[in-house]
Student: 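What follows is a structure written as structure tokens; I'll ask about it next.
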Amino acid sequence: MAVFPVINLENINGDGRAKILEQIEDACQNWGFFELVNHGISHEFLDTVEKMTKDHYKKCMEQRFKEAVASKGLEAAQDEVKDMDWESTFFLRHLPESNIAEMSELDEKYKEIMKEFAKKIENLSEELLDLLCEDLGLEKGYLKKVFHGSKGPTFGTKVSNYPPCPKPDLIKGLRAHTDAGGIILLFQDDKVSGLQLLKDGNWIDVPPMRHAIVVNLGDQLEVITNGRYKSVMHRVMTQTSGGGRMSLASFYNPGSDAVIFPAPSLIEKEGEGEEKKEVYPKFVFEDYMKLYLGVKFEAKEPRFEAMKANANLGPMATA
């Protein structure tokens, strides 16, 4: 059985760079996911983020979640629950404008830590986008430029807790889906598992690793690479015991008015010896998101086909 890809960035600026790029390419083409170690964010800092996130859940969110579960009668469910997830979440916006200052439930120390966390993850996301450009043979900065639009990228963190669930066979922590956006960096619990991805028709665990950052690709990178890279279905399973699972998923996405389309040089390269057509549509990211929000838990392919059918770009979409 294939081993989940774990990529060590320690020697990325040394003689190990070519090997690391090969590993990244294999992961992006065949998994849509990989796990990063020696990524440059200190273990001590990640320990602080984890402790403060778990403390905040216990202090401000745990009781509210229990009351919500009771009000919906979820603990008494007899059939599979398909219209909601067993998770307690809040969302922090970082770019183009931060909302952290407005989050009144977060204490000041936690706000400062999360601002610092966001900056570190933003930097790592942009470093990874440039590594992807290098692997793809695109000019440095190409992906960041496409994502930029007129106002810069959209970047935020979904902070989630998945408490123990009495009916794990009936209720998912998060139902199966692909991510709509660009590149997603996840700092997850290293003690409680639950994240799974779909590979070759089988659900495979994404192994919890202390201080690692999980990376997965969103639909936009599949489009820009004309299918060379893949976004893949993934889900979160609930557990009956072992404590709750924490995850901080940071989404580095295109700006709302960014125009997304297959990179011309990739189409040309793939077309050597035979005519290669654009398999994927050209669209404005905001339009894709409007469609995605209604069909998030469905297959991605009909979304791509719908964007092709509805391709009606205005004058601004000439890039």
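Here the structure is a predicted model, which is why all the values come from computation and not from measurement.
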Student: Using the salt bridge (charged side-chain N to carboxylate O under 4.0 Å, His left out) criterion, which residues pair with Lys120? Sequence neighbours excluded.
Tutor: Glu116
Student: How are the rings of Tyr110 and His56 set to each other: parallel, tilted or perpendicular (split at 30° and 60°)?
Tutor: tilted
Student: Considering only NZ, NE, NH1 and NH2 on the basic side and carboxylate oxygens on the acidic side, decide whether Asp47 and Lys51 come within less than 4.0 Å.
Tutor: no
Student: Hey, mind stepping through Arg303 and Tyr288 against side chain to side chain donor-acceptor pair (under 3.5 Å) and telling me if it holds?
Tutor: CA-CA 8 Å; Arg303 297 197 291 266; Tyr288 187 85; 3.0 Å; yes
Student: Using 30° and 60° as the class limits, which term best fits the ring planes of Tyr280 and Phe304: parallel, tilted or perpendicular?
Tutor: perpendicular
Student: Please assess Thr178 against Asp219 for the test side chain to side chain donor-acceptor pair (under 3.5 Å), listing each intermediate value before the final yes or no.
Tutor: CA-CA 7 Å; Thr178 66; Asp219 295 346; 3.0 Å; yes
Student: Examine Trp31 together with Phe4 and report whether their ring centres are nearer than 6.0 Å.
Tutor: yes
Student: Mind checking what makes side chain to side chain donor-acceptor pair (under 3.5 Å) contact with His39, not counting sequence neighbours?
Tutor: none
Student: Assign the ring pair Tyr252 / Phe155 to parallel, tilted or perpendicular, where the plane angle (0 to 90°) is split at 30° and 60°.
Tutor: tilted
Student: Starting from the C-alpha separation in whole Å, work towards a yes-or-no answer on side chain to side chain donor-acceptor pair (under 3.5 Å) for Arg245 and Gln239.
Tutor: CA-CA 9 Å; Arg245 175 180 176 269; Gln239 312 288 343; over 6 Å; no
Student: Glu80 vs Lys172, test: salt bridge (Lys or Arg N to Asp or Glu O under 4.0 Å). Steps then yes/no.
Tutor: CA-CA 9 Å; Glu80 184 177 359; Lys172 301 285 190 301; 3.5 Å; yes
Student: Would you sort out whether Leu21 and Glu134 count as a side-chain contact (heavy atoms from CB on, under 4.5 Å), showing the intermediate values?
Tutor: CA-CA 8 Å; Leu21 285 170; Glu134 188 173 341; 3.3 Å; yes
Student: Start with the C-alpha gap between His177 and Glu298, add the side-chain angles, then the distance that decides, and say whether side-chain contact (heavy atoms from CB on, under 4.5 Å) holds.
Tutor: CA-CA 7 Å; His177 63 288; Glu298 299 175 19; over 6 Å; no
Student: Side chains of Glu35 and Pro207: does their closest heavy-atom pair fall under 4.5 Å?
Tutor: yes
Student: Any carboxylate oxygen within less than 4.0 angstrom of a Lys/Arg side-chain nitrogen, looking at Arg175 and Asp85?
Tutor: yes
Student: Could you check Glu305 against Lys308 for salt bridge (Lys or Arg N to Asp or Glu O under 4.0 Å), going step by step and ending with a plain yes or no?
Tutor: CA-CA 5 Å; Glu305 290 303 318; Lys308 266 189 199 175; 3.7 Å; yes
Student: Please test Tyr229 against Glu222 for side chain to side chain donor-acceptor pair (under 3.5 Å), starting from the C-alpha separation and ending with a verdict.
Tutor: CA-CA 5 Å; Tyr229 290 173; Glu222 181 167 335; over 6 Å; no
Student: Is the shortest heavy-atom distance from the side chain of Asn216 to the side chain of Leu185 under 4.5 Å?
Tutor: no
Student: Tell me whether the rings of Phe251 and Phe91 are parallel (<30°), tilted (30 to 60°) or perpendicular (>60°).
Tutor: tilted
Student: Could you tell me if the side chain of Leu124 sits less than 4.5 Å from the side chain of Glu127, heavy atoms only?
Tutor: yes
Student: In terms of relative ring orientation, are Phe33 and His234 parallel, tilted or perpendicular, with 30° and 60° separating the classes?
Tutor: perpendicular
Student: Is any side-chain heavy atom of Leu128 closer than 4.5 Å to one of Leu36?
Tutor: yes
Student: Please test Leu221 against Leu143 for side-chain contact (heavy atoms from CB on, under 4.5 Å), starting from the C-alpha separation and ending with a verdict.
Tutor: CA-CA 9 Å; Leu221 283 177; Leu143 291 171; 3.9 Å; yes
Student: Decide yes or no for Leu92 and Phe90: does some side-chain heavy atom of the first lie under 4.5 Å from some side-chain heavy atom of the second?
Tutor: yes
Student: Verify whether the ring centers belonging to His211 and Phe187 lie closer than 6.0 Å.
Tutor: no
